[in-house]
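Reviewing the structure listed below.
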Amino acid sequence: MEILRTVEELRKWSRKARRRAGAHASNAVGLVPTMGALHAGHASLIRAAVQSCSHAAVSIFVNPTQFGPSEDYERYPRTFVADCELAAAGGAEAVFAPSVEEIYPEGAATFVDVKGLSNRLDGASRPGHFRGVATVVTKLLVAAESDKAFFGQKDAAQVAVLRRMVRDLRLGTEVVVCPIVREADGLALSSRNAYLSKEERKQALTLSRAVRRVEALVKHGERRAEVLIAAARVTFAVEPAVRVDYIELVDWATLAPVETAAPGALFAVAAFLGETRLIDNTILG
Ligand code: AMP
């Protein structure tokens with residue numbers, strides 16, 4: 001597996017991959033953007049990329065612009081050697097691991113802002129977060145010239161922002177969304193789970209419990225947002241150590257709140273366990 005450090009190296013790798021796949025192949029190059037500290041959730045995206053594209057690359061970049069000033073940029077887990085092993089074992093042919101200067105050359109003044117979506121859900125509690133995400137993903141997609149890019153439903157609001165961005169900018173990459181990978185007890189895998197104490201790890205199950213509760217209600221015919229959100233609140237109330245950030249039922253494309261859960265609506269939660277902020281969601285059937 002190749003380790004690429006510059007945008008130019010990534011572009012060269014991609015163009016070579018495309019030539020090998022046949023110039024007109026529409027599934028020549030797949031990209032899996034990550035911040036590293038790879039786990040089975042990331043592995044599932046890599047698997048999907050390897051299965052549906054002739055050549056797959058993983059990017060590993062802890063993107064400073066998507067962290068707020070008081071957030072965990074400095075202490076975000078960095079496990080590069082293990083990440084490369086996981087990427088190689090999954091069949092990725094390249095890891096793109098640029099420096100901050102490579103992605104944001106001195107004086108970089110260009111940002112991508114998806115108006116109307118960037119300030120919803122996680123964007124409401126983390127101002128500037130989605131601007132940072134949209135900017136870095138634009139840079140990655142432009143550099144990789146990928147046919148498909150793979151993202152997890154785990155970050156469902158991010159998916160909405162990126163789908164709109166790719167469409168608006170006509171980036172020519174298909175956004176592929178992969179299901180949430182969970183621990184056996186239901187907790188959604190996240191690089192930030194590493195921050196949790198033993199006690200917090202138990203309390204963290206409240207998020208998936210709330211999600212499951214809402215799924216069960218919808219299965220039994222309940223569609224009213226008010227009722228679904230109230231049921232989730234009750235689930236959280238049992239565990240007062242977990243501080244709710246948001247509980248929302250929204251249209252997955254616009255992230256605007258809805259009053260009834262039409263099929264495809266996004267039910268999403270975010271909550272703090274101590275300093276650690278976790279998210280979970282479900283797309284309602
Ligand atoms: P991150 O490294 O946290 O930026 O995540 C990189 C990609 O992996 C994003 O598209 C995430 O949505 C996805 N991802 C993270 N956790 C999971 C999970 N538990 N299941 C599926 N995809 C995930």
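Order of listing sets the numbers, starting from 1, for every ligand and every atom in it. Heavy-atom basis, side chains included; hydrogens, waters and symmetry copies ignored.
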May I ask you to check if [X] and [Y] form a cation-pi contact, with NZ or CZ under 6.0 angstrom from the six-membered ring centre and within 45° of the axis?
X      : Y      : value
Arg78  : Phe61  : no
Arg18  : Trp13  : no
Arg277 : Tyr195 : no

Go through ligand 1 atom by atom and flag the ones less than 4.0 Å from a non-hydrogen atom of [X].
X      : answer
Asp155 : 11 (C), 12 (O)
Phe151 : 10 (O)
Leu45  : 7 (C), 8 (O), 10 (O), 13 (C)
Leu189 : 16 (N), 17 (C), 18 (C), 19 (N)

Whether the [X] and [Y] side chains hold a donor-acceptor pair (N or O, under 3.5 Å, no angle test) is what I'd like checked.
X      : Y      : result
Tyr76  : Asn63  : no
Asp122 : Tyr246 : yes
Gln153 : Asn281 : yes

Nearest-neighbour protein heavy atom for [atom], which is reported as residue plus atom name and distance:
atom                    : result
atom 21 (C) of ligand 1 : Pro179 O, 3.4 Å
atom 6 (C) of ligand 1  : Pro33 O, 3.4 Å
atom 3 (O) of ligand 1  : Tyr76 OH, 3.9 Å
atom 20 (N) of ligand 1 : Val181 N, 2.9 Å
atom 23 (C) of ligand 1 : Lys154 CB, 3.9 Å
atom 4 (O) of ligand 1  : Met35 CG, 3.6 Å
atom 10 (O) of ligand 1 : Gly152 N, 2.9 Å

Heteroatom distance test ([X], ligand 1): nitrogen or oxygen, under 3.5 angstrom:
X      : value
Phe150 : no
Cys178 : no
His42  : yes

**Message:** With a 4.0 Å cut-off on N to O distance, would you call Arg20 and Glu93 a salt bridge?
**Reply:** yes
**Message:** Check this for me: does any side-chain nitrogen of one of Glu222 and Arg224 sit under 4.0 Å from a carboxylate oxygen of the other?
**Reply:** yes
contact_flag [X] ligand 1 heavy-atom lt 4.0 Å:
X     : result
Ala37 : no
Ala40 : no
His39 : yes

**Request:** Starting at OG of Ser208, measure out to CG of Leu187 and round the result to the nearest 0.5 Å.
**Result:** 6.0 Å
**Prompt:** Roughly how far, to the nearest 0.5 Å, is CG of Leu217 from NE2 of His220?
**Reply:**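 Between His220 NE2 and Leu217 CG, I get 8.5 Å after rounding to 0.5 Å.
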**Request:** Sort out for me which residue in Arg212, Arg209, Arg182 forms a side chain to side chain donor-acceptor pair (under 3.5 Å) with Asp280.
**Result:** Arg182
**Asked** For ligand 1, is any non-hydrogen atom under 4.0 Å from Arg182's backbone (N, CA, C, O), its side chain (CB onward), both, or neither?
**Response** neither
